[in-house]
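What follows is one structure encoded as structure tokens, with my remarks underneath.
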Amino acid sequence: MTEIPDKPALEGLEAKWGSVWEEQGTYAFAREGAERGDVYSIDTPPPTASGSLHVGHVFSYTHTDTVARFQRMRGKRVFYPMGWDDNGLPTERRVQNYYGVRCDPSLPYVEGFVPPHEGGDGKSIKAADQQPISRRNFIELCERLTLEDEKQFEDLWRTLGLSVDWKQSYRTIGADSLRASQLAFLRNVERGEAYQAQAPTLWDVTFRTAVAQAELEDREQPSAYHTLSFHRTDGEGDILIDTTRPELLAACVALVAHPDDERYQNLFGTTVRTPLFDVEVPILSHHLAQQDKGTGIAMICTFGDVTDVVWWRELDLPNRAILGFDGRVISEAPEAITSERGRELFAQLAGKTVFSAKQLVVEALQASGELTGEIRKITHPVKFFEKGDKPLEIVSTRQWYIVNGARDEELRERLLAHGRELDWHPDFMRVRYENWVEGLSGDWLISRQRFFGVPIPVWYPLDDDGNPVYDAPILPSEAQLPVDPSSDLPAGFSEEQRGVPGGFVGEVDVMDTWATSSLTPQLAGGWERDPELYDLVFPFSMRPQGQDIIRTWLFSTLLRSELESGQLPWQNAGISGWILDPDRKKMSKSKGNVVTPAGMLEQHGSDAVRYWAASAKLGTDAAFDPQNPTQIKIGRRLAIKLLNAAKFTLGFDASGAGTVTEPIDRSMLAGLARVIEDATRAFENYDHARALELTESYFWTFCDDYLELVKERAHNGTGQDQASAVTALRAALSVFVRLLAPFIPFATEEVWSWFGEGSVHVAAWPESSELTALAGEDADPGLLDLVGGALIGIRGAKTAAKASQRTPVTLAVVQAPEQDRGRLASAAADLAAVGRIAELRIESADVDGVTVATIELEQPEA
RNA sequence: GCGCCUUUAGCUCAGUUGGUUAGAGCAUCUGGUUUACACCCAGAGGGUCGGGGGUUCGAGUCCCUCAGGGCGCACCA
């Protein structure tokens with residue numbers, strides 16, 4: 001126990017208690033002797049280590065922490081790890097900007113490499129000025145920087161007071177994660193759930209990597225319709241088609257119209273010649289062609305959009321792709337282009353960007369007279385990589401996929417069933433999951449042509465000509481993991497055989513970052529590493545996360561768990577809402593309205609900020625105005641009030657404390673017992689905001705009414721009257737501190753240290769029986785309210801007379817309904833004391849509620 | 001286009017299975033330096049619960065419909 005300061009303050013509590021908790025291991029997972037039923041496990045979202053923390057993080061992580069603290073106090077052994085998502089593109093980009101480098105896998109490793117910059121803000125180093133370095137050097141820098149970033153994140157989380165067990169941390173690029181990630185992949189391959197395929201793939205030309213459906217977003221883009229003339233080979237004239245992508249004309253493989261379209265009925269099965277390139281292509285029918293779009297007949301190119309891919313596949317068309325991985329037109333013209341004019345034009349197009357190619361083709365079409373009418377500007381949605389800034393192209397490449405139910409009705413049904421089985425908080429978030437699962441259009445593409453990630457653990461044999469035999473990948477044994485196929489060897493091969501005919505070659509691609517993040521329950525829980533731990537924590541009790549990553553993180557985690565074990569990875573999913581700025585816009589870095597969390601915590605104190613976060617329900621967006629952080633100020637006030645009320649309460653002589661006998665004392669405790677029950681129920685239902693509201697509201701009643709009513713008796717009273725008040729006050733304080741502990745952990749711990757044993761955060765969550773034992777089963781819970789009503793009347797009369805609340809009252813007559821008269825009278829002494837009433841008469845009368853009928857104030861000396 | 005959420009006081013939000021006269025905090029105004037707290041206390045004013053229709057003895061709450069705001073999925077010739 002520590003001494004109560006003269007002037008209790010919030011300042012410094014974060015540092016004071018943060019280090020105590022660390023030393024005492026307050027939040028350590030108590031694994032010894034644990035059974036699954038004792039454990040509450042949390043599948044914490046690993047923040048992107050190279051990103052910056054924003055207010056939204058503080059918001060949602062606080063939600064989770066209140067639950068963790070509640071469960072811990074209820075006696076659960078809480079498994080609350082923290083992970084860092086450090087692999088992937090965000091880290092690569094940050095490393096490029098921070099050190100002024102970029103990865104060039106063709107370069108050799110340089111021992112003791114010193115990067116050209118250190119700590120640049122990133123904006124100043126242009127891509128052209130970045131120093132190319134080897135993949136291994138690049139990855140070393142990624143490792144170095146993420147470790148630094150993680151340290152800063154951890155400091156912030158500690159300041160915020162997250163009750164994480166820091167001994168359970170993991171990194172998504174760490175050796176254990178690498179192994180688990182590759183192991184899960186191998187199992188997927190063995191069960192036929194992971195496979196490779198050569199297929200048209202959505203491709204980001206800036207990052208030169210394939211991307212998955214989950215990483216797409218639509219953006220409205222300006223575009224234009226061009227009307228092109230295709231020439232009927234039967235000489236019966238031209239067919240007009242509208243296209244927004246004339247630059248892909250050289251890749252045209254067919255025209256398509258709806259089978260029911262009367263305008264084109266007699267043309268199905270005939271052919272036309274393309275403008276400029278003079279390639280003969282068929283006119284086909286397909287139900288996806290829309291009669292009311294453009295001229296009702298479209299050109300199919302390899303590949304302008306995903307509909308082209310469907311047509312190409314279903315109509316069994318040839319591939320005449322003309323775009324390369326860099327988004328430029330390739331140098332080799334499709335064989336189908338045979339005319340001299342066509343080949344000449346294509347030679348001019350070669351090497352051009354999509355943008356320049358379009359200009360050139362349009363000019364050529366205008367010159368040849370095959371562009372009809374005006375070019376009509378439109379805007380339309382175009383698919384982008386969510387982190388990219390150029391439209392995605394579609395290129396045909398070999399990639400690894402994991403099944404996700406898009407092409408497997410049975411799997412999809414199982415995934416949907418798991419979605420129904422999971423307890424969502426709030427429940428309606430399930431719909432987002434269902435929308436996503438039902439809308440999946442293809443299996444999950446997990447290959448990324450990047451550097452800092454988990455290597456796909458396969459090699460390919462090389463045939464006698466030195467070409468990889470992709471159909472016969474060589475897999476490592478589970479014991480070999482983790483492996484890096486570009487430096488490790490497949491069994492039975494030697495390093496000399498790398499890259500030579502008859503030898504082997506390692507896969508260079510890495511996995512999608514979600515392919516690792518989808519295994520967070522496995523990574524944190526020690527899957528295939530620490531089976532005893534895994535059995536204790538899996539399936540996890542709780543998955544907290546933001547609503548924006550339901551389709552990525554939540555879905556992919558559920559999928560991997562279903563594939564590996566046929567099981568839901570968690571019992572509950574808690575989905576936090578957005579933080580909105582005062583204009584109701586989602587806060588984001590690009591909009592420049594982000595405040596740094598560290599600054600917020602510094603300025604207002606962690607408890608205050610936590611209060612703000614915790615006062616919002618799961619699934620509900622919260623407005624936040626940095627200029628006027630109302631909720632934070634209220635939280636700060638609450639924390640300060642608790643310190644002061646505790647100091648006051650503990651200042652009364654407690655030598656006679658033991659039993660509670662006064663009706664008003666018993667009433668207050670009975671009311672608080674009810675608050676315990678309601679708040680506990682709210683917490684059990686993942687409604688932390690309700691628990692806070694109930695507690696906070698009664699706490700203010702406690703301070704403003706009860707404490708005022710009894711302070712005279714507690715201070716100057718004698719015998720059992722005094723002892724009753726002090727006993728009730730102390731019991732209530734203990735309960736309030738524990739009820740508020742999940743929300744304002746620093747102030748509550750400070751207060752607890754003045755009278756309690758150990759940490760409040762491992763103290764027992766209050767139970768109503770503690771208080772009913774003191775108050776008695778027959779306590780009158782409504783009495784406090786009733787007396788409070790009389791108190792308001794007396795205060796109001798003084799205020800109306802513009803008199804101080806301290807003004808003595810010579811006579812007050814309080815009227816109450818008959819049934820309330822006796823109840824009110826039981827607190828008459830307290831009421832008279834707080835009102836400084838010399839003569840207090842309580843009468844029964846025909847009134848609706850307690851009414852102050854007469855009040856005579858002592859006249860101040862003139 | 002399909003769907004989900006949302007609309008309550010100037011602001012931010014509660015409002016449980018339908019049940020007295022719809023609540024809180026902030027802000028505003030009026031008072032008060034009361035031996036815990038001026039980072040305080042007391043009091044007051046402020047709402048046709050987005051519009052319309054319906055069910056019901058009774059609707060902020062349930063149903064229908066329209067409108068605004070946010071979001072998810074789909075749409076890309």
Side-chain angles (χ1 to χ4, degrees), chain A residues 4 7-10 218 220-221 223 225-226 241-245 248 255-257 288-290 293-301 304-308 311 378 380-383 391 426 428-441 547-548 550-551 577-578 580 582 584-586 605 608 612 615-617 619-625 628 630-631 633-634 636-651 678 681-682 687 689-690 693-694 696-697 700 703-704 707-708 711 715 791-792 794-807 834 836 848:
Chain A
I4 306 175
K7 274 267 174 194
L10 298 177
D218 288 347
E220 275 302 316
Q221 292 291 303
S223 185
Y225 276 127
H226 304 69
I241 67 104
D242 281 341
T243 180
T244 56
R245 304 209 60 182
L248 293 179
L255 299 190
V256 65
L288 282 181
Q290 292 178 33
K293 207 154 192 175
T295 56
I297 185 163
M299 75 169 180
I300 304 173
C301 303
D305 61 46
V306 290
T307 320
D308 278 347
W311 283 328
I378 58 159
H380 67 169
V382 176
K383 286 194 192 309
F428 64 75
M429 287 294 178
R430 174 186 287 108
V431 178
R432 308 239 178 142
Y433 171 81
E434 288 172 346
N435 279 346
W436 178 251
V437 176
E438 285 161 359
L440 283 168
S441 61
Q547 54 179 303
D548 51 332
I550 289 173
R551 68 174 178 171
W578 298 119
L580 304 174
R584 313 294 304 174
K585 295 281 180 287
K586 184 191 155 195
W612 157 74
S615 59
K617 292 186 293 194
T620 301
D621 296 343
F624 178 69
D625 182 356
N628 188 22
T630 314
Q631 283 294 316
K633 288 181 181 166
I634 296 168
R636 186 174 171 83
R637 219 178 51 147
L638 174 68
I640 292 169
K641 189 74 172 180
L642 179 67
L643 296 178
N644 284 310
K647 176 176 149 66
F648 189 47
T649 295
L650 295 170
D678 292 346
R681 199 174 307 119
D687 192 352
R690 176 90 180 133
E693 188 198 328
L694 287 161
E696 180 195 16
S697 148
W700 284 104
C703 288
D704 294 344
L707 202 39
E708 291 296 327
K711 67 182 182 186
H715 201 250
L791 186 54
I792 286 170
I794 292 160
R795 284 167 173 165
K798 290 185 180 179
T799 298
K802 299 198 173 186
S804 158
Q805 290 298 321
R806 231 180 156 181
T807 310
V834 68
R836 295 178 174 260
D848 284 344

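Each chain gets a letter, A, B and so on, in the order its sequence line appears, and its residues count up from 1.
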Side chain of A:Arg551: nearest nucleotide among B:A14, B:C73, B:C41? B:C73
How is A:Glu708 classified with respect to the nucleic acid when contacts are heavy atoms under 4.0 Å: base, sugar-phosphate, or nothing? base
Remember a base hit wins even if backbone is also touched, and classify A:Lys633 as base, sugar-phosphate or nothing at under 4.0 Å, heavy atoms. nothing
Given atom CD1 of A:Ile550 and atom P of B:C4, what is their separation to the nearest angstrom? 15 Å
For A:Gln290, which contact category applies under a 4.0 Å heavy-atom criterion: base, sugar-phosphate, or nothing? base
Using a 4.0 Å heavy-atom cut-off across all strands, classify A:Asp704 as base, sugar-phosphate, or nothing. sugar-phosphate
Closest of B:G32, B:A42, B:C40 to the A:Arg637 side chain is B:C40
Measure the shortest side-chain to side-chain distance between A:Gln547 and A:Asp621 over non-hydrogen atoms and say whether it is less than 4.5 angstrom. yes
State which of B:A42, B:A14, B:C71 makes the closest approach to the side chain of A:Arg432. B:C71
Among B:C71, B:C37, B:C26, the one nearest A:Trp578 by side-chain distance: B:C71
Of all the nucleotides listed (B:U34, B:A14, B:C40), which has the minimum atom distance to the side chain of A:Gln805? B:U34
Among B:C13, B:A36, B:G31, the one nearest any side-chain atom of A:Lys802 is B:G31
Select base, sugar-phosphate, or nothing to describe what A:Thr307 touches, counting heavy atoms under 4.0 Å on all strands. sugar-phosphate
Using heavy-atom distances to pick each residue's nearest nucleotide on RNA chain B, tell me which of A:Ile634 and A:Trp311 is more 5'. A:Ile634
A:Ile792 has a side chain; which of B:C26, B:A38, B:G43 sits nearest to it? B:G43
Mind checking A:Ala289 for me? I need base, sugar-phosphate or nothing, with any heavy atom below 4.0 Å counting as a touch. base
Would you measure the distance from the C1' atom in B:C49 across to the matching atom in B:C13 and give it in whole Å? 13 Å
Distance, C1' atom - from B:G58 to B:U20, rounded to whole angstrom: 11 Å
If you check every side-chain atom of A:Arg806, which of B:C26, B:C5, B:U35 has the closest atom? B:U35
If we take the P atom in both B:C40 and B:G45, what is their distance in whole Å? 23 Å
A:His380 atom NE2: more than 12 heavy-atom contacts under 6.0 Å: yes
Between B:A36, B:C41, B:U16, which nucleotide has the shortest distance from any of its atoms to the side chain of A:Trp700? B:C41
Does B:U30 have its OP1 or OP2 closer than 4.0 Å to a side-chain nitrogen or oxygen of A:Lys798? no
Nearest-Å distance once atom P is located in both B:U61 and B:U56: 16 Å
What closest approach, in Å, do A:Lys798 and A:Ser804 show between heavy atoms, and which atom pair accounts for it? CD-O, 3.8 Å
Using the P atom on both, measure B:U21 against B:A14 and round to a whole Å. 25 Å
Nearest-angstrom distance, P atom, B:G47 to B:A9: 10 Å
I need the minimum non-hydrogen distance between A:Asn644 and A:Pro8, along with the two atoms involved. OD1-CD, 4.1 Å
I want to verify a distance call: between B:C37, B:U34, B:U16, whose nearest atom is closest to the A:Arg690 side chain? B:U16
Taking B:A59 as the reference, what is the distance to B:A22 when you measure between their C1' atoms (whole Å, please)? 12 Å
Indicate, with a heavy-atom threshold strictly under 4.0 Å, whether A:Arg636 touches base, sugar-phosphate, or nothing. base
How is A:Cys703 classified with respect to the nucleic acid when contacts are heavy atoms under 4.0 Å: base, sugar-phosphate, or nothing? base
5'-most contact on RNA chain B (nearest-nucleotide basis), A:Arg245 vs A:Lys7, goes to A:Lys7
With a distance cut-off below 6.0 Å to the six-membered ring centre and an angular limit of 45° from the axis, does A:Arg636 pair with A:Trp612 as a cation-pi contact? no
Give the rounded distance in Å between these two atoms: CG of A:Leu580 and P of B:U6. 15 Å
Looking across every strand, which nucleic acid part, if any, lies under 4.0 Å from A:Gly294 by heavy atom: base, sugar-phosphate, or nothing? nothing
Does a nitrogen or oxygen in the side chain of A:Lys711 sit under 4.0 Å from OP1 or OP2 of B:U35? no
For atom C1', what is the distance between B:C73 and B:C11, given to the nearest Å? 34 Å
